[in-house]
Asker: 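Take this structure first; my questions come after.
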Amino acid sequence: RAGASLLVVLNASPYERGKDDVRLELCVRRAREAGAALAYCNMIGGQDELVFDGDSILVSAAGELLARGPQFEEALIVADLELPAAGAEGSAEAPAETAVDAGDGTVITIERVALPAIAVPTLAVAALPTLPMVAMAAAGPFWPRLSDPAEVYAALVTGVRDYVRKNGFCSVILALSGGIDSALTATIAADAIGPDNVHVVLMPSRYSSGHSITDAEDLVKRQGLRERTIPIQSIVDAFQHELGDFPVTGLPAENLQSRVRGVINMALSNAGGHLVLTTGNKSELATGYSTLYGDSAGGFGPIKDVPKTLVWELSIWRNDYAERNGLTPPIPPNSITKPPSAELAPGQLDTDSLPPYDVLDALLDDYVEKDMGSAELIAAGHDPALVERVIRLVDTAEYKRRQYPPGPKISQKNFGRDRRLPITNRWRETPLPLERGTV
């Protein structure tokens with residue numbers, strides 16, 4: 001009704017996997033409805049759990065894609081539009097404000113501002129040396145789309161970089177075990193803020209395998225991280241000795257080791273002003289396989305919303321990316337291929353207490369992301385006994401997740417911001433057995 005021929009949409013649309021097609025469809029639909037070209041300008045950067053990925057879009061009034069900017073990168077997008085001249089309603093003689101029926105019982109006030117006709121100088125690309133990318137082409141500027149692992153990895157790097165910098169930290173510190181989770185976390189941090197600002201602590205115990213230490217040391221050499229080794233067994237033994245008549249064995253003994261590591265991380269954080277990064281993945285958080293005030297102690301969790309199977313996929317992608325560019329793969333191959341283990345007990349493997357991660361992640365995706373109930377999960381082909389067990393693990397671990405630090409959101413339903421459940425409630429998808437809880 002106002003005679004507008006260009007809609008400029010300033011947006012803050014957070015990143016989620018697979019969201020780019022949704023945005024394009026929305027822009028096309030709105031442009032056609034309004035009969036006007038639409039410039040969708042989206043911000044980039046991280047804010048707490050949210051990551052904004054840019055991916056700005058320009059479409060014509062007919063819905064034709066004219067330009068599309070990069071993901072996770074600032075850029076100037078230059079494109080020419082053939083817009084009709086303003087009609088009589090938009091002329092200087094028209095009233096400055098006009099009330100228009102919006103068609104839904106409300107009224108929109110249209111404000112008109114007359115701009116003087118001036119000659120616009122040609123924009124010289126060479127005059128913009130500080131911009132990261134400027135693309136101009138006859139058919140319009142189009143940045144290539146990132147692959148799924150590339151865009152997820154970019155989201156994690158962006159989230160970590162901005163959380164660290166915008167909250168006044170210059171460096172981070174994390175426990176490096178030689179396993180894949182801490183290896184990927186360290187690599188993300190190094191890509192985000194530079195390897196010289198990433199401090200890693202090797203804290204072997206009597207159950208640490210030889211390859212855990214060598215794999216961790218290999219990663220440090222590959223990336224040039226700042227490393228120190230602090231064996232924890234004597235500290236654990238001192239705790240055990242002082243407990244005296246209250247011997248700690250089994251699961252409490254395993255958790256004691258994790259909490260000793262947490263105390264060391266926090267002490268070094270205080271001493272050096274580093275932000276502590278946790279290394280837990282979404283599969284572990286979902287099932288409660290983390291230790292309060294141990295491996296969950298920290299300020300930010302870079303892979304908090306990353307399932308274990310995706311941890312492997314991202315690690316393989318990152319190494320392949322390095323090789324394609326003639327660089328040293330940052331993650332030791334053995335960290336990727338060896339069976340995962342917390343190494344808190346003799347010969348311990350994750351599969352001793354959890355199903356294979358490809359099975360577990362498929363079930364967690366249906367239960368957490370898709371909100372499927374037990375009957376639906378069983379109908380979808382998941383093992384009934386496993387469905388009951390995993391649902392119980394997820395439901396009873398809510399109080400742990402509530403105390404976990406924030407981390408970049410990459411899924412449609414992350415823990416904390418999206419999947420918000422009360423800790424105290426009597427609802428259970430499956431009956432809860434009367435048993436002592438573990439922390």
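Heavy atoms only: backbone and side chains are in, while hydrogens, waters and symmetry mates are out. These numbers come from a predicted model, not from an experiment.
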Asker: Could you walk me through whether Leu377 and Leu363 pass side chain to side chain contact (heavy atoms under 4.5 Å, CB included), step by step?
Answerer: CA-CA 8 Å; Leu377 292 169; Leu363 176 51; 3.9 Å; yes
Asker: Which value, rounded to the nearest 0.5 Å, describes the distance between Leu251 atom CG and Thr291 atom OG1?
Answerer: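 If we round to the nearest 0.5 Å, Leu251:CG and Thr291:OG1 are 7.5 Å apart.
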Asker: Is there a donor-acceptor contact under 3.5 Å from the side chain of Asn414 to the main chain of Asp305?
Answerer: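 Between the backbone of Asp305 and the side chain of Asn414 there is no qualifying donor-acceptor contact (under 3.5 Å).
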Asker: Look at the side chain of Arg401 and the backbone N and O of Leu285, then say whether any donor-acceptor pair between them is shorter than 3.5 Å.
Answerer: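 It does hold such a pair.
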Asker: Verify, without hydrogens or angle tests, whether Gln223 (side chain) and Ala190 (backbone) share a donor-acceptor contact under 3.5 angstrom.
Answerer: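 It does not hold such a pair.
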Asker: Is a salt bridge present between Arg261 and Asp295, judged by a nitrogen-to-oxygen distance below 4.0 Å?
Answerer: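 Salt bridge absent between Arg261 and Asp295.
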Asker: May I ask you to say whether Arg23 pairs ionically with Asp53, meaning some side-chain N is under 4.0 Å from a carboxylate O?
Answerer: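 Here Arg23 pairs with Asp53 in a salt bridge, since their nearest N and O are under 4.0 Å apart.
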Asker: As a quick check of understanding, evaluate salt bridge (charged side-chain N to carboxylate O under 4.0 Å, His left out) for Arg161 and Asp191, giving each step before the final call.
Answerer: CA-CA 9 Å; Arg161 181 197 65 218; Asp191 288 338; over 6 Å; no
Asker: Is a donor on one side and an acceptor on the other found under 3.5 Å between the side chain of Asn281 and the backbone of Ser283?
Answerer: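 Yes, the answer is positive, given that a donor and an acceptor are paired below the 3.5 Å cut-off.
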Asker: Output the distance between atom CD1 (Ile378) and atom CE (Met372), rounded to the nearest 0.5 Å.
Answerer: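 Between atom CD1 of Ile378 and atom CE of Met372 there are 10.5 Å.
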Asker: Just checking, is any N or O donor in the side chain of Thr185 or Thr279 under 3.5 Å from an acceptor N or O on the other one?
Answerer: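 No, no side-chain donor-acceptor pair sits under 3.5 Å.
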Asker: I'd like to check Ser335 versus Leu219 (side-chain heavy atoms, cut-off strictly below 4.5 Å). Are they in contact?
Answerer: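 Not in contact.
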Asker: Return yes if some donor-acceptor pair links the side-chain N/O of Glu25 with the main-chain N/O of Val22 below 3.5 Å, else return no.
Answerer: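 No; zero donor-acceptor contacts below 3.5 Å.
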Asker: Once rounded to the nearest 0.5 Å, what's the spacing between atom CG of Leu156 and atom OG1 of Thr187?
Answerer: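 Output value for this atom pair is 11.5 Å.
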Asker: Hey, does the side chain of Arg402 reach the backbone of Leu421 with a donor-acceptor pair shorter than 3.5 angstrom?
Answerer: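 It does hold such a pair.
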Asker: Rounded to the nearest 0.5 Å, what separation is found between the CZ atom of Phe52 and the CD atom of Gln47?
Answerer: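 Phe52 atom CZ to Gln47 atom CD measures 5.5 Å (nearest 0.5 Å).
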Asker: Report the residue from Phe72, Tyr321, Trp317 that forms a ring pair (Phe, Tyr, Trp, His ring centres under 6.0 Å) with Tyr153.
Answerer: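 For Tyr153, the ring pair (Phe, Tyr, Trp, His ring centres under 6.0 Å) check succeeds only for Trp317.
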Asker: Measure the shortest side-chain to side-chain distance between Tyr293 and Gln403 over non-hydrogen atoms and say whether it is less than 4.5 angstrom.
Answerer: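 Yes, side chains in contact.
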Asker: Under a 4.5 Å cut-off applied to non-hydrogen side-chain atoms, are Phe300 and Pro406 in contact?
Answerer: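 The answer is yes, as the side chains (C-beta and beyond) meet within the 4.5 Å cut-off.
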Asker: With a 4.0 Å cut-off on N to O distance, would you call Arg417 and Asp48 a salt bridge?
Answerer: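 No, Arg417 and Asp48 are not salt-bridged.
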Asker: Do the side chains of Asn319 and Ile336 get nearer than 4.5 Å, heavy atoms only?
Answerer: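 In short, these two side chains touch, coming nearer than 4.5 Å.
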Asker: Just checking, Arg29 and Tyr40: is the charged tip under 6.0 Å from the six-membered ring centre and within 45° of the axis?
Answerer: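 No, Arg29 does not lie over the aromatic ring of Tyr40.
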Asker: Given 3.5 Å as the limit, does a donor-acceptor pair link the side chain of Arg226 with the main chain of Asp196, or not?
Answerer: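 Between the backbone of Asp196 and the side chain of Arg226 there is a qualifying donor-acceptor contact (under 3.5 Å).
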Asker: Would Arg17 and Glu369 pass as an ion pair if we require N to O under 4.0 Å?
Answerer: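 Looking at Arg17 and Glu369, the cut-off is not met.
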Asker: I need the Lys409 NZ to Asp418 CG distance, nearest 0.5 Å.
Answerer: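 Those atoms lie 3.5 Å apart.
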Asker: Please check if any side-chain donor atom of Tyr15 sits under 3.5 Å from a side-chain acceptor atom of Asn42, or the reverse.
Answerer: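 No, because no side-chain N or O of Tyr15 sits under 3.5 Å from a partner of the opposite role on Asn42.
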Asker: Do Thr278 and Tyr404 have side-chain N/O donor and acceptor atoms under 3.5 Å apart?
Answerer: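 Their side chains do contain a donor-acceptor pair, which is all the 3.5 Å distance test asks for.
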Asker: Any Lys/Arg nitrogen of Asp320 or Arg324 sitting under 4.0 Å from an Asp/Glu carboxylate oxygen of the other?
Answerer: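 The answer is no: the pair does not qualify as a salt bridge.
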Asker: Are the charged groups of Asp181 and Lys308 less than 4.0 angstrom apart, N to O?
Answerer: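 Looking at Lys308 together with Asp181, the answer is yes, because their closest N to O distance falls below 4.0 Å.
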Asker: Tell me whether Ser269 contacts the main-chain N or O of His274 through its side chain, where contact means a donor paired with an acceptor under 3.5 Å.
Answerer: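 Yes, because the side chain of Ser269 sits within donor-acceptor range (under 3.5 Å) of the backbone of His274.
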